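Notes follow once the structure below has been shown.
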Protein chains: 2
Amino acid sequence: MISLKHLKIIQALHENSTLTRAANVLHLSQSALSHQIRYLEEKLGITLWEREGRNLRLTKAGELLLQTAQQLLPILEQTEKTLKAYAQGRQGILRIGVECYPCYEWLTKVIGVFLQKMPNVEVEIINKFQFSGHEGLLNYHIDILITPDRERKADIHIETLAQYNLVLLVANEHSLAHKTIITPKDLTNETLLTFPVPLERLDILTQFLNPAHIKPKHIKKIESIELMLQMTMLERGVCILPEWLANEFIKKMPVKKIQIGVEGLSQKLFAILRKQDREINYIQRFVKISKEVVNVP
Amino acid sequence: MISLKHLKIIQALHENSTLTRAANVLHLSQSALSHQIRYLEEKLGITLWEREGRNLRLTKAGELLLQTAQQLLPILEQTEKTLKAYAQGRQGILRIGVECYPCYEWLTKVIGVFLQKMPNVEVEIINKFQFSGHEGLLNYHIDILITPDRERKADIHIETLAQYNLVLLVANEHSLAHKTIITPKDLTNETLLTFPVPLERLDILTQFLNPAHIKPKHIKKIESIELMLQMTMLERGVCILPEWLANEFIKKMPVKKIQIGVEGLSQKLFAILRKQDREINYIQRFVKISKEVVNVP
DNA sequence: ACTTAATCATGAGATATATTCATATATGAT
DNA sequence: ATCATATATGAATATATCTCATGATTAAGT
């Protein structure tokens, strides 16, 4: 009766608003979708969409079906991907979600070694989430989440992957450049360049500046790390990076790293996974390899 | 590519061992199934079954698909049932799992009032579980579990429905009949009639006899509550029942209830549900009505 | 009010997919 | 070797699904 095709249609219709657009996305004719939803409504004996002018709006029953679709389709998709990976002689497919910019940089450093050591596992990296990374994990959109946020929730398993210091990067000519350690006060008149994430997720604020009740003059959000470094170099601001990442830029650009506070500002990266996946061979190996490879000073 | 039909086939095949029998269950010809699994294997480019003589055995890939089927099909089935209920003008369908004999008796007492007060909700009662009731809940085989076991797990919500004393029932002529309170020692030479559940789930043992390091002479498992009462009456043993249930039998049979221990032996019944279902109107009403109706002394 | 562009709906015919029937092939037990 | 019981397969049939062409409805612009 209800088939996966119907679930896909209801989902596509929800995401694309109109039958016509949904049909395009699904590579079908508008007519086909129209027939299908009519068939489904007829079979179920219930209206799933209210016709509102030239729009369709889901009824309560339709919402239920949509919810089911959103629950089932990602699971099936993962299974299909894994089977496809099997078919190619691989062990499976590992979808890694990254939830922060350093995570992404870190992953690019690890991934080479990883792919080499595990040629039998296909890897997919996902950094856009419909909701949160944690939701994505539980809804089977990803299998592993790399994040600095240690979420203690049920049915998930947490592994610590790395711990390192965050450092301040400034241009060599910058007035702070002679310092070896900065205090919160030093940043009062600085423009802080950050990645575009909510402020409460910036450790430099929550762990360092906020406790001292100090705000930087400006906080400027920048998408790309290269651009951020350019602006730092040109003294348009200062930025905070993991030390291992900072070390690379110091080599090739006129910038200097400075320790943050007397104790340093440390950050951890965690790998979060579904508890039931702990036993999966390639997931265990991913965690193991990750810990070994990332030997960040 | 993979369709629900395939998932149903793989599941039926697993449950019925042979293609032929699975085909019967699905009301299809053996040929149809054979074609379908061939098609699926061809499309996926991977063997799902090993042909072992005249049996089929799932490969690792097949196991994965089976697992997916077992995860998805119950969810879809529940959605279909709910939609069907909607179609009949009902609010939904509520599948109640009962995990103990008193639970079942209790439910039969409540269900009348419940159906009357909620004519718009269809009810289904399930007392056989593939695994545990808790699993059944998380796998969408049931929506509410009635149980005396308070399981504190993630993503489930617990409501206390009732609290009452367990009492000992003996024949009027029984040597213990004159007592108002029994001690563990009193049961040393008795045959204890119980429902067929694992011993560790019997409160009379775990809460009363075990702590005193006393065992009854025999423990005899009996399926039906009527038979249990018959045997009690004929002095073939004694049994433990909820007081509210015992009260009914006392009225019509020559049996007597006796308090267990100085403090009495109390038991609670809980309703367990998935957290995300808490808001559903008819589930809230079920819990509310249950608490009101069951006014067990 | 008329026009236009965009939407969904529908019927008929074409295509694709699934099922059955009849039969072949393979296996294990006796 | 024979028989009972499996699965596999090819061809014919039945069913389901899609597209095409077109109609009907609606919202917005003139």
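Atom set for the values below is all heavy atoms of this structure, side chains included, hydrogens, waters and symmetry mates excluded. Note that the coordinates shown come from a computational prediction; the quantities given were computed from them, not determined experimentally. The sequence lines fix the lettering, A, B, ..., with proteins before strands; numbering per chain opens at 1.
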Practice task
Report the nucleotide, chosen from dA9(C), dT20(C), dT9(D), that has the shortest atom-to-atom distance to any side-chain atom of I37(A).
Solution key: dA9(C)

Practice task
Using atom CD1 of I9(B) as one end and atom C1' of dT17(C) as the other, report the distance to the nearest whole Å.
Solution key: 13 Å

Practice task
Look at the side-chain N and O atoms of Q30(B) and state whether any lies under 4.0 Å from the OP1 or OP2 oxygen of dA6(D).
Solution key: no

Problem - Rounded interatomic separation in angstrom, taking CG from L28(A) and C1' from dC8(C) - result: 16 Å

Handout entry: Euclidean distance, atom OH of residue Y39(B) to atom P of dT17(C) [Å, nearest integer]
Key = 7 Å

Practice task
Determine the interplanar angle of the Y39(A) and H6(A) rings, folded into 0 to 90°, and report it as parallel if under 30°, tilted if 30 to 60°, perpendicular if over 60°.
Solution key: parallel

Handout entry: Interatomic distance, K8(B) NZ vs dT19(C) P [rounded to whole Å]
Key = 11 Å

Practice task
Please report, rounded to the nearest Å, how far the C1' atom of dC8(C) is from the CD atom of E50(A).
Solution key: 15 Å

Handout entry: Presence of donor-acceptor pair under 3.5 Å, side chain of H35(B) and base of dT17(C)
Key = no

Handout entry: S31(B) vs dA22(C): side-chain N/O to OP1/OP2 distance below 4.0 Å
Key = no

Practice task
Answer with base, sugar-phosphate or nothing: what part of the nucleic acid does L33(A) contact at a heavy-atom distance below 4.0 Å?
Solution key: nothing

Handout entry: Residue A32(B), side-chain heavy atoms: nucleotide from dT20(C), dA6(D), dT10(C) that is nearest
Key = dT20(C)

Exercise for the section: Look at the side-chain N and O atoms of S34(B) and state whether any lies under 4.0 Å from the OP1 or OP2 oxygen of dA8(D). Expected result: yes

Practice task
Assign the ring pair F195(A) / Y101(A) to parallel, tilted or perpendicular, where the plane angle (0 to 90°) is split at 30° and 60°.
Solution key: parallel

Problem - Contact under 4.0 Å: R38(A) side-chain N or O vs dT10(C) OP1/OP2 - result: yes

Problem - Nearest-angstrom distance from the residue atom CG of L13(B) to P of dT7(D) - result: 8 Å

Handout entry: side-chain contact (heavy atoms from CB on, under 4.5 Å) assessment of Q284(B) paired with E279(B)
Key = CA-CA 7 Å; Q284(B) 286 183 342; E279(B) 306 300 323; 4.1 Å; yes

Practice task
Determine the contact category for T20(A): base if any of its heavy atoms lies under 4.0 Å from a base atom, sugar-phosphate if only primed atoms, P, OP1 or OP2 are that close, otherwise nothing.
Solution key: sugar-phosphate

Exercise for the section: Compare the minimum distances between each of dT20(C), dC8(C), dT19(D) and the side chain of R51(A), then state the nucleotide with the smallest one. Expected result: dC8(C)

Exercise for the section: Give the rounded distance in Å between these two atoms: CD of Q36(B) and P of dT15(D). Expected result: 16 Å

Practice task
Report the distance from atom CD1 of I126(B) to atom CD1 of I144(B), rounding to the nearest 0.5 Å.
Solution key: 12.0 Å

Practice task
Would you indicate which nucleotide in dT7(D), dT7(C), dT19(D) comes nearest to any side-chain atom of L19(B)?
Solution key: dT7(D)

Practice task
Write down the distance between CG (N16(B)) and C1' (dT5(D)), rounded to a whole number of angstrom.
Solution key: 16 Å

Handout entry: E124(A) bridged to K84(A) by N-O distance under 4.0 Å
Key = no

